[in-house]
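Below, each value reflects all heavy atoms present in this structure, side chains not excepted, and no hydrogens, waters or symmetry copies. The sequence lines fix the lettering, A, B, ..., with proteins before strands; numbering per chain opens at 1.
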There are 2 protein chains.
Amino acid sequence: MTVSSPRRSATRQRLYQAAVTLFAEQGVSATSVEQIAERAGVAKGTVYYNFSSKTELFEALLRDGIEPLTAALRRSVGAAPGGALAALERMADAGLAFVAEHPDLVRLLMAEQWRSSRPWHPTLVAVRRQVAGVVREVLEDGVKSGELRADLDVELTSGALVGMVVLGALDWRTFHPERRPAEVRRAMSVVLRGQLEAAAGRNEEGRDEEGRR
Amino acid sequence: MTVSSPRRSATRQRLYQAAVTLFAEQGVSATSVEQIAERAGVAKGTVYYNFSSKTELFEALLRDGIEPLTAALRRSVGAAPGGALAALERMADAGLAFVAEHPDLVRLLMAEQWRSSRPWHPTLVAVRRQVAGVVREVLEDGVKSGELRADLDVELTSGALVGMVVLGALDWRTFHPERRPAEVRRAMSVVLRGQLEAAAGRNEEGRDEEGRR
DNA sequence: GTCTATATTCAGATAGAC
DNA sequence: GTCTATCTGAATATAGAC
């Protein structure tokens, strides 16, 4: 198995880029190979020289695109100070950044996630489990250390938190793109840290949070 | 314009049911009219007698399916006691119930939501805005009444909270269907009420919540 | 490696019998 | 109102020239 030639891998990258945009916007089935080729500036035959089928192109695209996501997640959890809530904030941050950088890929993941009985479904489920799994571990550690409440339902809560970050981020990119990343991060932080309520009985540490980082 | 005959509207209902399942599982484009007809137990021609095209069938299905959702939302906000957090909890509850009852429709909304440049996209965006809008109003009222923090970003926070509920609920139905609704509700309530942290400095009111309702 | 031309399959939509 | 039969366009995938 020889390493792909520079020329070929450049073509593949162009095809990835063209395909992910079209797939996200129209769906996989509604996108023709012709369209992908056109957008990438090559002929249809070239697509089939590089990938055996449209499905294979899509799966390769997923594998390639997901790698940076899992890498970013691992980074945000591992080497860092603070407790569980701080780790959750960093993960939310990493999620936000990923969505900002690869909005089409995330839209695609969101859309295809729920369709069982499609060839690529297992791959998507694996990604989902991996992402939610990292969050679950953080929650578990937080419970063990006593930082988080002992009766926390880590399974269901992790799913909900992932949903908050991912959909919150997509909502941002799609409907409020003029807002700055820091604003989005802060909104999520407020929910994560349980600071929705006005700080009536507590001290004023909530105001410190505004200047955080 | 005469009212549809009972026979015809029965057929339409069967077509809706067949279509929503197939659309959710395979996507709209990947589902053929033939498949829909087969599953509904009618011939393909009958589909075209009732709907002028596959797209029109899909849009009618959306309009019909969404009505109960917006109705449930209005109900859960309007006539009820308690402040903003209580209202948010009731809305989360309503969302959970809706997802439990119409999982296919919700999966479909989630999947098609992000594809601009499709005929039905405006309809889906309208639904999204409506749902998020109700949450935003509740947050705004909470801020005005002083229950919620004055500097709350109602726009971004409402998007995040909707995401938490919807994806949390879908996650539940898809990956943890054995869990009971009350467990899911409680997990979301914990996040909403900012009770992730162990109740160290506070009193034990957190334990009261377990027996809530 | 990439192109053009083409075979083949298949889905959307219609016409007309019942 | 619903069926069967059929038309038509389009999309996947291949073959072979360059």
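The interatomic distance linking A/Phe51 (CZ) with D/dA13 (P) rounds to 13 Å, in whole Å. Per the geometry, CG belonging to A/Leu57 stands 11 Å off P belonging to D/dA13, to the nearest Å.
Note on residues 157-168 of chain B: no pairs pass side-chain hydrogen bond (donor to acceptor under 3.5 Å, both in side chains), not counting sequence neighbours. Among residues at least two apart or in separate chains, there is no salt bridge (charged side-chain N to carboxylate O under 4.0 Å, His left out) pair with a member in residues 13-31 of chain A. Each salt bridge (charged side-chain N to carboxylate O under 4.0 Å, His left out) pair with one or both residues in residues 158-180 of chain A, not counting sequence neighbours, appears once here: A/Asp171-B/Arg128, A/Arg179-A/Glu183, A/Arg179-B/Asp153.
First and last contacting nucleotides of DNA chain C toward chain B (any atom under 4.0 angstrom from a heavy atom, 5' to 3' order): C/dA11 to C/dT14.
If you run side chain to side chain contact (heavy atoms under 4.5 Å, CB included) between A/Val166 and each of A/Leu96, A/Leu109, A/Val106, A/Leu161, only A/Val106 comes through.
Sorted by residue number, the members of residues 25-49 of chain A with any non-hydrogen atom under 4.0 Å from DNA chain C read A/Val42, A/Ala43, A/Gly45, A/Thr46, A/Tyr49.
The aromatic rings of B/Trp120 and B/Phe58 stand perpendicular to each other, their planes meeting at an angle above 60°, with 30° marking the opposite boundary.
Under the 3.5 Å distance criterion, the side-chain polar atoms of B/Thr174 are matched with a main-chain donor or acceptor of B/Leu170. Under the 3.5 Å distance criterion, the side-chain polar atoms of A/Thr31 are matched with a main-chain donor or acceptor of A/Gly27.
Scored by the salt bridge (charged side-chain N to carboxylate O under 4.0 Å, His left out) test, A/Lys44 finds A/Glu34 as partners (sequence neighbours excluded).
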